[in-house]
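Because the structure is predicted, anything quoted here is derived from the model rather than measured.
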Amino acid sequence: MGCFFSKRRKEAKGDAQGGAGQDPPAADEEKPPPQYSWDQRAKVDPKDYTFSGLKDETVGRLPGKVAGQQFVIQDCENCNIYIFDHSATITIDDCTSCRIFLGPVKGSVFFRDCKDCKCVVACQQFRTRDCRKLEVFLCCATQPIIESSTGMKFGCFQYYYPELALQFKDAGLSIFNNTWSNIHDFTPVSGENNWSLLPEDAIVQDYVPLPTSEELKAIRISTDTMKSIIPITRGGRQKRSEESCLAVFFAGDYTTANARKLIDEMTGKGFLLVQTKEVSMKAEDAQRVFQQSASDFIPSLEKGPVVALEFNGDGAVEGCRSIINDVFSGTKVFVSENKASASQDVDSFYNFADMQMGM
């Protein structure tokens, strides 16, 4: 009886602790660790985002294969290298005689100890150090910087493939913000010029050829200047006329398309596109830039950034106003009133824009 009573007491005790028919949890049983979103991300293999030690090869990455990661190119010789995607940052170290295409880079592109390379680059920041004889078709949102570098030549980025517009957006870059010719030499040498501009008629394909590998040939590339995702600007080259004209489109559903249309119309008539800019404005900025017309445009500034275009050529103001009236009659656009005020309009806007962008 005593044993029976003792057993019943143990069962009752067990029932009170863990429920009928259940064993108490083992003392050494551990709860599974909590799962966080960053633990579930796919692991990044640095080798997938590196080209290193290559010679006489053609290599690249297709759209979607970099997807905003950092990329490294190093110790390559006589290679054709193509990154057809957007990335975070890219460093290029110790490369010689390479042809390189870099799709939109959200941050910086940094060339170090490279020589005799030809490149097409789009980025937020561009810098070189200890480089020699680089020829670069560049789109850069901020002022490009060279340091301890010689024989540098620059032209305006000109390139197209179907995925490129979305890649610019993913990288946070505007196709209208391009300071490709406004180079700052961090280590100038008295009496010498470490950089110059490529010829106006320079053709990208003569510098960076189209890829020939079967994988990369699938990209539908065009280096035709008329198809370039980036408007081809004259930049720092000498203007052909004393007359310039400022046209400003305000944010809306078709701002980019309207700006591209005006560029096509004006350049088709022989006028030069000098520079472009996309920037946000406040009411006080409008007062300074648009002066007497400011009240007409201030309500439109709350909708988003404006896109500004500078055209150059004899008759640019009259030609631009005529196209605006004929083609954009229902669109709100600021255009220089006359030849006398045009230069001041251009200077006022771009001085404001440069300060806004920290240049």
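- In this structure, the separation between NZ on K133 and SG on C114 is 14.5 Å, given to the nearest 0.5 Å.
- Note that CD of Q69 and CG of D85 are 10.0 Å apart. Values are rounded to the nearest 0.5 Å.
- No side-chain donor-acceptor contact under 3.5 Å links N258 and T255.
- Annotation: side chain of V248 is not in contact with side chain of F297 (no heavy-atom distance under 4.5 Å).
- At least one side-chain heavy atom of E147 sits under 4.5 Å from a side-chain heavy atom of T187.
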For the pair T96 and K115, evaluate side chain to side chain contact (heavy atoms under 4.5 Å, CB included) and give the outcome as yes or no after the intermediate values. CA-CA 5 Å; T96 302; K115 62 181 180 180; 3.8 Å; yes
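- Between L138 and C123, the closest heavy-atom pair is CD1-SG, 4.3 Å.
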Test ring-ring contact (aromatic ring centres under 6.0 Å, His included) on F137 and Y159; report intermediate values, then the result. CA-CA 9 Å; F137 290 87; Y159 219 82; 9.5 Å; no
Tell me, with the steps shown, if D224 and Y160 meet side chain to side chain contact (heavy atoms under 4.5 Å, CB included). CA-CA 8 Å; D224 183 347; Y160 169 84; over 6 Å; no
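- A donor-acceptor pair under 3.5 Å is absent between the side-chain atoms of R234 and the main chain of I232, judged by distance alone.
- Using bins of under 30°, 30° to 60° and over 60° for the plane-to-plane angle, the ring pair F186/H184 lands in the perpendicular bin.
- Rounding to the nearest 0.5 angstrom, the gap separating the CG atom in D314 from the NZ atom in K339 is 6.5 Å.
- By the 4.0 Å N-to-carboxylate-O rule, E135 lies close enough to K118 to be salt-bridged with it.
- The aromatic rings of F157 and F101 sit tilted relative to each other, their planes meeting at an angle between 30° and 60°.
- A side chain to side chain donor-acceptor pair (under 3.5 Å) with N194 is found for one member of T128, D185, T150 and no other, namely D185.
- For the pair P211 and I219, the minimum side-chain heavy-atom distance is 4.5 Å or more.
- For CD of E57, the number of neighbouring non-hydrogen atoms (other residues, nucleotides, ligands) closer than 6.0 Å is greater than 12.
- For K332 against S300, the heavy-atom pair with the smallest separation is CD-OG, 3.1 Å.
- Residue M152 holds its CE atom at 5.5 Å from SG of C131, rounded to the nearest 0.5 Å.
- One finds the CG atom of L134 at 6.0 Å from the SG atom of C117 (value rounded to the nearest 0.5 Å).
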For Q158 and T225, run side chain to side chain donor-acceptor pair (under 3.5 Å): C-alpha distance rounded to whole Å, both residues' side-chain angles, the deciding distance at 0.1 Å, then the answer. CA-CA 6 Å; Q158 41 196 277; T225 57; 5.4 Å; no
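- Nearest heavy-atom pair, N177 versus C139, reported as atom, atom and distance to 0.1 Å: O-SG, 4.1 Å.
- Note on ring orientation: taking the six-membered ring where Trp is involved, the planes of F111 and F126 are tilted (angle from 30° to 60°).
- Criterion: ILVMFWY side-chain heavy atoms under 4.5 Å apart, direct or through other members. Under it, W195 and I145 are not part of a common hydrophobic cluster.
- N312 places no side-chain N or O within donor-acceptor distance of the main-chain N or O of K239, the cut-off being under 3.5 Å.
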Could you go through K277 and F352, starting from their C-alpha distance and side-chain angles, then the distance that decides it, and tell me whether this counts as side chain to side chain contact (heavy atoms under 4.5 Å, CB included)? CA-CA 11 Å; K277 194 74 72 177; F352 145 75; over 6 Å; no
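- I73 has its side chain out of reach of L54: every pair of non-hydrogen atoms, C-beta onward, lies at least 4.5 Å apart.
- Under the 3.5 Å distance criterion, the side-chain polar atoms of T142 are matched with a main-chain donor or acceptor of Q124.
- Between the D75 side chain and the S52 main chain, no donor and acceptor come within less than 3.5 Å of each other.
- A salt bridge between D285 and K282 is absent, with no side-chain N of the basic residue lying under 4.0 Å from a carboxylate O of the acidic one.
- For Q167 (side chain) and P104 (main-chain N/O), no donor-acceptor pair under 3.5 Å exists by modelled atom type.
- F176 and F349 are not part of a single hydrophobic cluster, where members link through side-chain heavy atoms under 4.5 Å apart.
- Cluster membership for F250 and V289, using ILVMFWY side-chain heavy atoms within less than 4.5 angstrom, is shared.
- In this structure the side chain of D130 never reaches within 4.5 angstrom of the side chain of R112, judged on heavy atoms.
- In this structure, the ring of F51 has its center less than 6.0 angstrom from the ring center of F71.
- The closest side-chain heavy-atom distance from M266 to L273 is not below 4.5 Å.
- For S336 (side chain) and L246 (main-chain N/O), a donor-acceptor pair under 3.5 Å exists by modelled atom type.
- Using a 4.5 Å cut-off between side-chain heavy atoms of Ile, Leu, Val, Met, Phe, Trp and Tyr, with links allowed through other members, L210 and V120 fall into the same hydrophobic cluster.
- Of the options Y82, F84, F168, a ring-ring contact (aromatic ring centres under 6.0 Å, His included) to Y161 is made by F84 and by none of the others.
- Counting only distance, with no hydrogens or angles, the side chain of S341 and the backbone of N338 share a donor-acceptor pair below 3.5 Å.
- Criterion: ILVMFWY side-chain heavy atoms under 4.5 Å apart, direct or through other members. Under it, F328 and I263 are part of a common hydrophobic cluster.
- Of the charged side-chain nitrogens involved, none lies within less than 4.0 Å of a carboxylate oxygen, so that K65 and D48 do not count as a salt-bridged pair.
- A donor-acceptor contact closer than 3.5 angstrom is absent between the side chains of S97 and N78.
- Side-chain contact between L262 and F311 is present, with heavy atoms from C-beta onward closer than 4.5 Å.
- Using a 4.0 Å cut-off between a side-chain N of Lys or Arg and a carboxylate O of Asp or Glu, K269 and E265 do not qualify as a salt bridge.
- When every heavy atom of A171 is checked against every heavy atom of K106, the shortest pair comes out as O-CG, 3.3 Å.
- Between the side chains of T233 and W180, a donor-acceptor pair is found at a separation under 3.5 Å.
- Taking each heavy atom of A88 and V105 in turn, the nearest pair found is O-CG1, 3.4 Å.
- In this structure the side chain of C119 never reaches within 4.5 angstrom of the side chain of L102, judged on heavy atoms.
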Quick one, L301 with V306, criterion side chain to side chain contact (heavy atoms under 4.5 Å, CB included). Give me CA distance, side-chain angles, the key distance, then yes/no. CA-CA 7 Å; L301 300 180; V306 303; 3.9 Å; yes
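- Separation of atoms OG1 (T179) and CD (Q143) is listed at 7.0 Å; rounding is to 0.5 Å.
- Heavy atoms of other residues, nucleotides or ligands lying less than 6.0 angstrom from CD of E242 number 12 at most.
- A tilted orientation is assigned to the rings of F334 and F290, their planes being inclined by 30° to 60°.
- Taking the charged nitrogens against the carboxylate oxygens, E318 and R321 have no contact shorter than 4.0 Å, which rules out a salt bridge.
- Taking all atoms of both residues into account, the shortest heavy-atom contact from L197 to R237 is CD1-CG, 3.6 Å.
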